[in-house]
Amino acid sequence: MRILLLGILTILPGSWITFGLPLREFNWKARLALGVAFSPVVLAIELGGLRAIGLDFARAARMILVANLPAVILLMRRLPRLRALRPSIACVFASLLFVIVAGSAVAPWLLVPRYRPFSWHALLHTDVIYALTRNGLVPEEPELAGLVLAYDWVGAVYWSTLGWLSDWSPTSMYPVTNLIWLLVAFVLAYEVAHTGLGLRHSTALFGVGLMFFGTQVVGCLAWLVAQDAHRWFWALGDVRNTAMVMSFQGFEDKPFAIALILGLALVCSVGMRQRVAYLGVLVPALMISVALIYPILFPMACLLSGGMVVGLASGWAQESADYKRRELLVLVGGWVISVAVFLMFLAVVSTDRTIASIRFLHSGRWSRSYQITTSLFAYLICAAPFVVRSLVSRSGPALAFALTGSCLMALYVFCGLNDLESKLINAAAIPFAFLAAGGLEPLLDTLPRGRWALVLLVPLALATVHLLHAYHLGAAVPSNLTNAPRISEGSFWIALSSTEEDAAWTKAVRESAPSETVVVARKTGIHLAPFLARSLYFPSDYDDASLTGYRMSPAGYSVDKRHTLLGQRGYSQATWDERLTVTEELYGPADAATMTVVLQRLQALGRPLAIYFPSDRAPALAWLRREQIGTQLFSDGTNVVWFIERPRT
């Protein structure tokens, strides 16, 4: 049943676009991959529409499933019959190359204990998935209840819908979906290189291998020689700058964005060389999808599509497709609408942000220049001849790619994005990987028998270098996995194993407290939110004295909470300080005056409260009992959960 639901929700929603429109300029493989890339956004739009008319999440999810089933008819009419398919030598080597790429992605799940459920930010994304099931149109911050989530949450709608319907836990579901999107990215990357840039089959596959493994080769070799995974950080950067395949190893929505960016690169490059009838629909749809799924890569979408529009309007490029003026105006109008949607969505997710999302840097630029150069060194050296040839021959797609990559490099050097700038290096690697393959094509042509072997051997060698750096030196392994609790992943709601100290009371809250309940807890060493499936008043695992960085933070949320919530998500320092004070006073010595003020602040959210006490003798608990405020939700003699109803207005 899970496989059936996976297929329905992964393929059908986006198929309304890619198979509903007569996109004859693209083969069936590209259209199918594009459809999968579109699916998370289409699902999010469908869910948003149903929630807007008042349906709860459960009913909306079931309606989405039924509403997308008719798309099967489109697929049956458009897809070729199996007996009509004939494998080619390119298909055989593509399959072998994909095995190398997929094997590199799967490696940590198999080799590193507890990596899959607790790697880096696995529980952070689980929090967002659960938040979508209990809130309205816009989810709230799972660890600061009442604040709008300042995070790109649209991609999580796919996981929340699929997980809810199939009763599949997020931490065991994401490896399967990551592999699906890895295949989608693989197919689209090949089509970009072969159909978009006109490279030979072998060169196109070589470019795909470079895209997944060619980033930061210089740095990885230097780190391996030094036997230090973080040495020369100021010039080389860190593990986030390395191979793109690492984006498919952890629990994050970047794979969705990579597929969409590759889809946009394909549409733009093909649209510059031949007339695409629905270019004015596809390009804005892809741009809007990028804006909603991964806003930080929207500048790349603007650069790709903007370069195409300028090239078509000027007619400067050779082999430029002939579009009517009306079609170009529609395309420009769609571009403007896409920017407007991006700004509106950014305004929504920034509702409770108090710091700028982007800023210009006044220092550290030399260091960033070194980092971008070393990270993309292999691409820049190999791509230079192809870019020069493209300039002479006025090749529109190649020059648009070169311009896009160069602008992304400049953004990395001059702009600060709250410690998220590494995304720009990953983005710049995409166009430069294909240009590098084009630069190496004359060399590959001199090896008519050996070029297919290089398609496999070079990516395999690069993958080995990256895996040694990531796992032999431990650069890609969180140092806090030993803090991970034992969990049960048998249903959509992950739970602590019965042997865990906090299993009983977290289960009681999850099963008995209303979904809008705000939980107050003070429990360092474990990230509680996903096991409660409720929003927290303040991060339960934050302790200013002991949790000073990700090395000591709970597994599955490998970032210091203060940095994440104040630095990256940009919530108010005043709100943080107030809630920290309230939490400290709640669990400190309790007098009547202090407790009255604390309770007033907790109830200011207008929501039910579930307060966890690690001892039946807690002073605040005694005060609540004495004042007959609330009732006992759970007690095992030591751990107590006290429930207070929603305050009357």
Side-chain angles (χ1 to χ4, degrees), residues 9-28 30-49 64 67-68 71 74-75 78 152 154-155 157-158 181 184-185 187-188 191-192 195-196 253 255-272 275-295 297-309 312 321 323 326-346 400 404:
L9 295 180
T10 301
I11 298 174
L12 298 186
S15 296
W16 291 113
I17 300 174
T18 57
F19 288 94
L21 298 175
L23 304 177
R24 299 181 182 86
E25 301 82 7
F26 306 96
N27 59 42
W28 69 269
R31 293 170 71 178
L32 187 61
L34 273 173
V36 174
F38 271 124
S39 285
V41 176
V42 175
L43 276 175
I45 293 172
E46 292 172 341
L47 182 71
I64 286 173
N68 284 297
L74 291 176
L75 293 175
R78 307 286 187 183
D152 41 284
V154 171
V157 173
Y158 167 78
W181 260 263
V184 168
V187 171
L188 290 174
E191 292 295 331
V192 170
T195 309
D253 49 7
F256 299 156
I258 291 173
L260 288 167
I261 284 292
L262 287 168
L264 180 61
L266 173 62
V267 171
C268 289
S269 56
V270 171
M272 293 184 74
R275 188 174 180 276
V276 175
Y278 288 88
L279 191 67
V281 175
L282 274 180
V283 170
L286 285 163
M287 291 181 66
I288 290 172
S289 297
V290 173
L292 297 178
I293 289 286
Y294 217 69
L297 292 188
F298 186 72
M300 181 179 185
C302 290
L303 290 168
L304 278 171
S305 56
M308 177 195 64
V309 171
L312 292 175
Y323 289 91
R326 178 178 59 84
E327 292 175 308
L328 292 177
L329 289 175
V330 169
L331 183 59
V332 172
W335 195 92
V336 173
I337 291 173
S338 303
V339 174
V341 171
F342 166 72
L343 294 176
M344 287 188 290
F345 181 68
L346 195 63
T404 297

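The structure presented is a predicted model; accordingly, all values stated were derived computationally and were not measured. Residue numbers count from 1 along this sequence.
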**Parallel, tilted or perpendicular: rings of Y158 and F256 (30°, 60°)** =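 Correct class here is perpendicular.
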To the nearest 0.5 Å, what is the distance between [atom1] on [X] and [atom2] on [Y]?
X	Y	atom1	atom2	value
I258	L262	CD1	CG	7.5 Å
L188	L266	CG	CG	6.5 Å
I293	I288	CD1	CD1	12.5 Å
L34	S39	CG	OG	10.5 Å

**Prompt:** Just by modelled atom types, is the G280 backbone N or O under 3.5 Å from a matching donor or acceptor in the E327 side chain?
**Reply:**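 Such a contact is absent between E327 side chain and G280 backbone.
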**Asked** For G155, does its backbone N or O pair with a side-chain atom of Y294 as donor and acceptor, under 3.5 Å?
**Response**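 It does not hold such a pair.
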**Request:** Give the minimum heavy-atom separation between L9 and L43, together with the two atoms involved.
**Result:**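 It is O-CD1, 3.7 Å.
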**Request:** Of all the heavy-atom pairs spanning S305 and W335, show the shortest one and how long it is.
**Result:**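 Looking at all heavy atoms of both residues, the closest pair is OG-NE1, 3.0 Å.
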**Prompt:** Checking side-chain contact (heavy atoms from CB on, under 4.5 Å) against D152, which of L346, L292, D253 comes through?
**Reply:**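 Among L346, L292, D253, the one that satisfies the side-chain contact (heavy atoms from CB on, under 4.5 Å) with D152 is D253.
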**Prompt:** Does atom OH of Y278 have more than 12 heavy-atom neighbours, drawn from other residues, nucleotides or ligands, at distances under 6.0 Å?
**Reply:**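 It does not: Y278 OH has 12 such atoms or fewer within range.
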**Request:** Could you walk me through whether V41 and I45 pass the side chain to side chain contact (heavy atoms under 4.5 Å, CB included) test, one step at a time?
**Result:** CA-CA 6 Å; V41 176; I45 293 172; 3.9 Å; yes
**Request:** Take L75 and L12 through the side chain to side chain contact (heavy atoms under 4.5 Å, CB included) test and state the conclusion after the steps.
**Result:** CA-CA 8 Å; L75 293 175; L12 298 186; 3.5 Å; yes
